[in-house]
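Structure first, then comments.
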Amino acid sequence: MNADRAAVDLDQLRHTAAHLLAHAVVDLFGSDVQLAIGPSIEDGFYYDFRKPAPFVPEDLPRIEQRMRELVGKDLKMSGREVSRTEAVAYYKDRNQPFKLELIDGIPADEPLSFYTIGEFTDLCRGGHVASSKEIGALKLTSLAGAYWRGDEHRPMLQRIYGTAFASQSELDEHLARVEEAERRDHRKLGKELDLFSIEESAGPGLVFWHPNGGRVRQVLEEFIRGELRKRGYEPVYTPHVVSEELFRISGHIQSFAENMFAPIDVDEQRYRLKPMNCPGHILIYKSRPRSYRDLPLRLAEFGTVYRFERSGTLHGLLRVRGITQDDAHLFCTPEQLQQEFENTADAALTVLKAFKFESYHFSVATRPDKAIGEPEVWDRATDAIKRACDNVGLAYEIEEGGGAFYGPKLDINVKDAIGRDWQLSTVQADFNLPERFELTYAGADGADHRPVMIHRALLGSLERLFGVLIEHFGGAFPAWLAPVQAVVMPITDGQFDYARRINDTLFEKGFRSEVDASNERLQKKIRTQQLRKVPYMLVVGKTEAAEGTVNVRARSGEQRTMSLESFVAELAAEVAARA
RNA sequence: GCCGACGUAGCUCAGUGGUAGAGCGGCGGUUUUGUAAACCGUUGGUCGGGGGUUCAAGUCCCUCCGUCGGCUCCA
């Protein structure tokens, strides 16, 4: 109750701050600046402007300063209803085309209102704090381009983002959270920890996994393979380049072409880089007649697909053009749909829980307006998904009309260590592709039947998951995932041989370890490995070599001396438990 | 794709029209080190690519490439 109340206030406070932002801009730059909209948003507020000479970053401190002056004046916000005629006249006088368009878009039977704070009046439906004084702390955060009404065919405006809180301490906390997120940025850590790179000379959005990243990926892949084996999946491999005809049958050329790489013409034949794995898996299904006894057939592949994402949308590992999905396609009878969803949801939760996210939740997306297939089929499938969620025992929310045109889906979202939401797993029923490819199976009755297909990814894409995990763990991977699990540190070169023997033992036991044989003092070696976020450092000096022990320094700084056997046993247990 | 900012050594960054720099890293040496930075030396660059202005360009202009912040939040 209290939290709700506070959230509403924050929203109103920021909405008021947006008006003050416009007030300050008009004060400093004149009333010929054209105003668009200025709402409160999740972490603050913004206001969109059009101004002949664009704002420059140096303007922000000036605007912010002016806003503070306004806040300090204890200005009262007052609203009044206005007639449409008055509102239109007001904005015509002031040459404010965006405001006029907004008025035009408001239904004739809805009242219009103006809100005034200080000397600034704005068309606004209300929802404000009473006085500017309630804005205890504010900060303008960035300047960006934004299309009028988010439409790229309409004018580009300039958007000023800011945030505001009731007190300075709350603002400071928010800024500290932002800094923490920056510290965890996977692009920064990816470079510092030598995990991956994206090479200008190779092209944007294409990921190079360095050895340290490759080690993490290999662990993830082996983890998934093990789970899939237990759950009755079959491994398959399909080509990256296939005839365009395949994507014509699947419908991707017709509906997905703008996200596909351009065609490759070879020997009179036109090929495409695959943007999806499904058509390939379908060909395997179709390679021979199928019986109901073959179903469910579960075909899995770490399939790398290529999608042409617009250049401005690329973002580190989180949005790339070469994507490796931990993909699978399940071919089943309609009756098996619920069981398959249930198994998949369970598999997804099992896998995701290994990463120790803060929380997990399901989201069921139902039939959109434009959809293929009979509504009753959709209803049965959607009910099956809901029952599957119930049986797995995790609450779900309904995303009404959020499904794709070809079938309902189940998404699994997680919250990471700093409270951000990520959608990772997705399980998607498909009534469309079995039709397009005319898939059949022989039923017990001897007649041909149409199977249902399920697309599913547990991790989503390996690139994206890696980005999420880097940020979730802040680069400090747990021992089961860490690229280097232990570094053996001889204190002097008198212990080199002992250190190498320890390292050999760890290698033989299957661990990822190294010897730091550099000519450095122990302090420096420790510092170096702390910065690499290595889970364990095994310090070996004269004493350890004489006693056949290792001094184990954990990443936390905690130290213990033990036999190598004990360390091996503990690390093995930790890795096995994915602790 | 569009708006804006940015691009200097492997990394982090300084350098506002006049001889390209620092720290870290790398390499070589001295030191033989006990829990987050020993010391000395040395290596390192078509200043993102191309074009232009100028006696002179890392610096000013044009263009291309890449990166970053945005482009769903509705008066």
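Each chain gets a letter, A, B and so on, in the order its sequence line appears, and its residues count up from 1.
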d(CZ, A/R187; P, B/rU67) in whole Å: 11 Å
Distance in angstrom units between A/K188 NZ and B/rC68 P, rounded: 15 Å
Separation of atom CZ in A/F208 from atom P in B/rG66, rounded to whole Å: 14 Å
Touch class at under 4.0 angstrom, heavy-atom based, for A/G150 against every strand present: sugar-phosphate
Rounded distance in Å - OH (A/Y161) to P (B/rG70): 7 Å
base_contact_polar (B/rU35 base, A/Q523 side chain, donor-acceptor, <3.5 Å): no
Sub-4.0 Å heavy-atom contacts from residues 39-46 of chain A onto RNA chain B, ordered by number: A/P39, A/S40, A/I41
Side-chain-base donor-acceptor pair under 3.5 Å for A/Y147 and B/rG1: yes
Please write out the pairs of protein N or O atoms and N or O atoms of nucleotides 25-27 of chain B separated by less than 3.5 Å, giving the distance to one decimal.
| from | atom 1 | to | atom 2 | distance (Å) |
| --- | --- | --- | --- | --- |
| B/rG25 | OP1 | A/K524 | NZ | 2.8 |

Separation of B/rG34 C1' from A/R527 CZ (nearest whole Å): 18 Å
Side chain A/N551 and base B/rU35 donor-acceptor under 3.5 Å: yes
Integer-rounded Å distance: B/rG48 C1' and A/I198 CD1: 17 Å
hbond_proxy A/T543 side chain to B/rG34 base (donor-acceptor, 3.5 Å cutoff): yes
With 3.5 Å as the limit, what N/O pairs link the protein to nucleotides 3-7 of chain B?
| from | atom 1 | to | atom 2 | distance (Å) |
| --- | --- | --- | --- | --- |
| B/rC3 | O2 | A/G145 | N | 3.2 |

Separation of B/rU31 C1' from A/D493 CG (nearest whole Å): 10 Å
Interatomic distance where NE2 belongs to A/H19 and P belongs to B/rC74 [whole Å]: 13 Å
